[in-house]
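A note on names: the letters A, B, ... follow the listed sequences, proteins ahead of strands, and every chain is numbered from 1. Remember, predicted model here, so these are calculated numbers, not experimental data.
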Amino acid sequence: DTEVTQTPKHLVMGMTNKKSLKCEQHMGHRAMYWYKQKAKKPPELMFVYSYEKLSINESVPSRFSPECPNSSLLNLHLHALQPEDSALYLCASRGQPLTEAFFGQGTRLTVV
Amino acid sequence: AQSVTQPDIHITVSEGASLELRCNYSYGATPYLFWYVQSPGQGLQLLLKYFSGDTLVQGIKGFEAEFKRSQSSFNLRKPSVHWSDAAEYFCAVALMNSGYSTLTFGKGTMLLVSP
């Protein structure tokens, strides 16, 4: 199973809402990632978790709050987002350093 | 700084014609290189990877890529393009960032396939 599953596929939220994005993998990977991708742009790294600990935060605003409850799950909690936060949010996992990352299908987020 | 450059923003190829997408990297050590494909609104799918060894690597969907250290290039090729190959293609290099492995992507090349 080389699958990374993200839910929901689509999400529309108001600027005062609180929502969460979920990501799950069962490949035993110990590194998990959140990326943000705007239209016609490459993915931009947001967070890296390694062995369930936050290892890299690429200066992401605090309205994005990641969580790694266990080695298979990665959440991204959203609160008080802005319309410019509308994007495709991608989760990825990796087994060994410098090897390929496996990506989920993404969550298309629209902030209204 | 390490970087990946994809010189072509868009490429249009006729169905059945051959394809070459260019990728150049700037990296001091031996790079770990990847090509990913992304259909609209979808995630990224790995096409192929290069770590070491044979410089011509085969991937899925009939794609191949050749690593040329002298040219700092890792170009993607396909001998005969199908309409379903229309998508965005990203070249990427794996780097160590603060002791953790991350991917740096090129800006992508959008492939359009004409009938």
Side-chain angles (χ1 to χ4, degrees), chain A residues 2-11 21 23 25 27 29-59 86-110, chain B residues 2-10 21 23 25 27-52 57 59-60 63 65 74 87-112:
Chain A
T2 57
E3 195 170 297
V4 176
T5 303
Q6 290 187 243
T7 56
K9 286 186 168 45
H10 301 276
L11 178 63
L21 309 185
C23 174
Q25 58 88 13
M27 295 177 277
H29 291 172
R30 303 314 293 265
M32 296 186 75
Y33 306 76
W34 281 115
Y35 286 85
K36 174 183 178 180
Q37 186 179 27
K38 301 286 277 185
K40 302 187 187 303
K41 299 289 187 183
E44 295 177 0
L45 182 65
M46 299 175 73
F47 302 105
V48 179
Y49 270 83
S50 178
Y51 290 86
E52 298 150 53
K53 293 186 178 178
L54 182 62
S55 304
I56 295 178
N57 176 341
E58 291 287 309
S59 302
S86 299
L88 182 68
Y89 288 84
L90 294 164
C91 173
S93 70
R94 171 185 270 121
Q96 298 294 326
L98 300 176
T99 59
E100 65 269 33
F102 293 87
F103 285 82
Q105 292 299 297
T107 294
R108 172 69 61 188
L109 174 67
T110 302
Chain B
Q2 297 88 351
S3 65
V4 178
T5 302
Q6 294 180 246
D8 305 303
I9 298 174
H10 297 101
L21 301 182
C23 173
Y25 66 89
Y27 189 59
T30 299
Y32 294 77
L33 294 161
F34 308 87
W35 275 100
Y36 285 88
V37 61
Q38 186 178 34
S39 297
Q42 301 294 310
L44 278 71
Q45 182 181 23
L46 179 71
L47 286 175
L48 45 75
K49 60 190 178 187
Y50 173 78
F51 294 160
S52 65
V57 293
I60 63 171
F63 286 92
F74 187 56
E88 184 94 34
Y89 290 79
F90 291 100
C91 182
V93 61
L95 302 171
M96 295 307 292
N97 179 348
S98 302
Y100 299 96
S101 180
T102 62
L103 282 174
T104 293
F105 291 91
K107 292 189 175 181
T109 297
M110 175 63 73
L111 173 64
L112 305 172

**Student:** Quick check: closest heavy atoms across H29(A) and S93(A), and the distance to 0.1 Å?
**Tutor:** ND1-OG, 2.8 Å
**Student:** For the backbone of S39(B) and the side chain of Q45(B), can you confirm whether one donor and one acceptor N or O come within less than 3.5 Å of each other?
**Tutor:** no
**Student:** When you measure from the side chain of Y36(B) to the backbone of A101(A), do you find a donor-acceptor pair of N or O atoms at a distance under 3.5 Å?
**Tutor:** yes
**Student:** Report the option among L90(A), I56(A), L45(A) that has the most heavy-atom pairs separated by less than 4.5 Å from atoms of chain B.
**Tutor:** I56(A)
**Student:** If we define contacts as heavy-atom pairs under 4.5 Å, which of A31(A), C91(A), P97(A) has the most with chain B?
**Tutor:** P97(A)
**Student:** Please rank I9(B), L46(B), T102(B) by heavy-atom pairs under 4.5 Å with chain A and give me the top one.
**Tutor:** T102(B)
**Student:** Which answer fits L98(A), side chain, backbone, both or neither, if we ask what part of it has an atom under 4.5 Å from a heavy atom of chain B?
**Tutor:** both
**Student:** Of the backbone (N, CA, C, O) and the side chain (C-beta and beyond), which part of S55(A) lies under 4.5 Å from a heavy atom of chain B, both, or neither?
**Tutor:** both
**Student:** Are F34(B) and F51(B) close enough that their ring centers fall under 6.0 Å?
**Tutor:** yes
**Student:** Ignoring hydrogens and angles, tell me if any N or O in the side chain of Q38(B) forms a donor-acceptor pair with the backbone of F90(B) under 3.5 Å.
**Tutor:** no
**Student:** Among Q42(B), E88(B), M110(B), single out the residue with the greatest number of heavy-atom pairs under 4.5 Å to chain A.
**Tutor:** Q42(B)
**Student:** Report which part of E44(A) has an atom under 4.5 Å of a heavy atom belonging to chain B: side chain, backbone, both, or neither.
**Tutor:** neither
**Student:** Who wins among K41(A), R108(A), Q37(A) for the most heavy-atom pairs under 4.5 Å with chain B?
**Tutor:** Q37(A)
**Student:** Determine whether a donor-acceptor pair (N or O, by modelled atom type, separation under 3.5 Å) exists between the side chain of K38(A) and the backbone of S86(A).
**Tutor:** yes
**Student:** Got a donor-acceptor contact below 3.5 angstrom from the N57(A) side chain to the S59(A) backbone?
**Tutor:** yes
**Student:** Heavy-atom cut-off 4.5 Å, strictly under: side chain, backbone, both or neither for M96(B) against chain A?
**Tutor:** both
